[in-house]
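Here the structure comes first, spelled out in C-alpha cells, and everything after it is commentary.
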Amino acid sequence: MRQFALLALSVIAVTLLTHSPLTARTPLDKQESENKKPRVVILATGGTIAGAATSSTQASYKPGVLSIEQILKTVPEIEKIAQLKGIQVSNIASQNMEEGIWLELWRTIDNLFTHDLCDGVVITHGTDIMEESAYFLNLTVRHSRPVVITGAMRASTSLSPDGPFNLFNAVALAASPNAQNRGVMVVMNDYILSADDVTKTNTVNTDAFECPNFGPLGYMRGGTPLFFRESRQTHTASSIFNLKGLTSLPKTDIVYAYAFSSDIAINALIDASTDGVVIAGVGHGNYNKAIAAAMERGSSKGVAFIRSSRILGGGVDLSAEDYDSRWPVSFNKSPQKARILLMLSLTLTKDPKEIQKFFMEY
Ligand code: DAS
C-alpha cells in the first residue's frame, strides 16, 4: 500500500513539475497545429503505387501488394502537411476495376464530404484505368471539395519510385484551399490534370499522362499548386448526374473501327442487350457500311450509339461527315470517356438529342 502511495505521489509530482509552460504548450501546440492541418482521407485501390518487385532495377512487378499503411510509411513528409486517414477500398491492378468499386468510392467520398469528415480526398489508383475513374467521379461526386487521384509508373520497390512524390503532391493538392471547385484532378509527374481531358499517353514512362485537348490545369512545385487554367466543362457540384439510390449502372461498350472492320463485335453486343455502344471511329468519327448497318439494327432494338474517334486529339463535333442526330458525337471525349458519359446519360434519358447536349456540356 505504501509503495502504491509513493508511486502515486511521484506520478503527481512529475506531472506538476514537468507541466511547465513549455511542456504544457508542446502538447497543446501539437494538438492545435494538428487541428489546424487540413484533414485528408486517402482511399487506396491498388495499382503500381502499391506494387512490388523482387529487385529494385527490374521492370516487371506485381501491382496491388502494399497496404495504404505501408505506402504511407514511405512518405513520412506528408504527416507535416495534413491530418491523414487511410482507407483500403481495394488492392487491385486497375485493369480489374469493378463497377462495385466505383460505386463504393462514390458512396465513401459522398459520405465524407456530406458529413464534413474531411477537407479533401486522395485516391491511390492504378494508372491503366485512372482516367476513367477520374472522369466517372468528376461527373458524380456532387461536392466542391477536392478529389485528387494519383498512382505510379514504377513499383514502390524501384531504385527511384515515382509513387512517393506523386502521393506527396496529391496530398498537398487535396490539402490546398486553392483546390476547391476545380473538379476531380489527377496528379502525376508534377502535372495537375483535369479529369475531363486527362489520358494516359505512354505505356511505361513516368511522364505518362497528358491533357491532349486543353493542356494541364497547372503544376505542383514543392507541394504548392500553380494553376494556369480551369476546366470549362461542367463537373462535380454542378453535375446533373445523381447516383443516390442506384445499385448498378447501364451497360455500355466500345467498338473500334479500322480498315474493313467487320460487324461481328457490334452485333454480338446488340444481341447481348448492351444499353449503349461508343464507336471508336477512324478519323473524325467515321466507320464503314457494315458498322453503319449494325447501328441501324441496334437502334431498332433500343441501343444508344455515340460517335467518337480513335484519334488522340481533336474529338468529333457536329461537322462530322454525314452527321445524323440519332448518333450523338463525343466532342473532346475519348472513346473510354464517352462510354462513361453515355453510361451516366442513360440513367436520365435515351433521347439522342438530350444525350448530345450532355456531350457538349460535360
Ligand atoms: N496495371 C497497372 C494498373 O494497375 C499498374 C499501374 O500502372 O498502376 O493500372
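Side chains are part of it too, since the values below use all heavy atoms of this structure and drop only hydrogens, waters and symmetry mates. Order of appearance sets the numbers: ligands from 1, and atoms from 1 within every ligand. Keep in mind the model is a prediction, meaning the values are calculated, not measured.
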Shell of residues surrounding ligand 1, defined by a 4.0 angstrom heavy-atom cut-off that is strict =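 Heavy-atom contacts below 4.0 Å: G47, T48, Y61, A93, S94, Q95, G126, T127, D128, A152.
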ask   = Run the ring pair (Phe, Tyr, Trp, His ring centres under 6.0 Å) check on F209 and Y191 step by step: do they pass?
value = CA-CA 8 Å; F209 285 82; Y191 286 110; over 10 Å; no
remark   = Looking only at heavy atoms, the pair that brings H125 and S94 closest together is CE1-CB, 3.7 Å
Step through the shown structure and confirm whether more than 12 heavy atoms of other residues, nucleotides or ligands are within 6.0 Å of [atom1] on [X].
{"X": "R107", "atom1": "CZ", "result": "yes"}
{"X": "K251", "atom1": "NZ", "result": "yes"}
{"X": "D322", "atom1": "CG", "result": "no"}

query = With sequence neighbours excluded, what pairs up with F113 under the ring-ring contact (aromatic ring centres under 6.0 Å, His included) test?
reply = H143
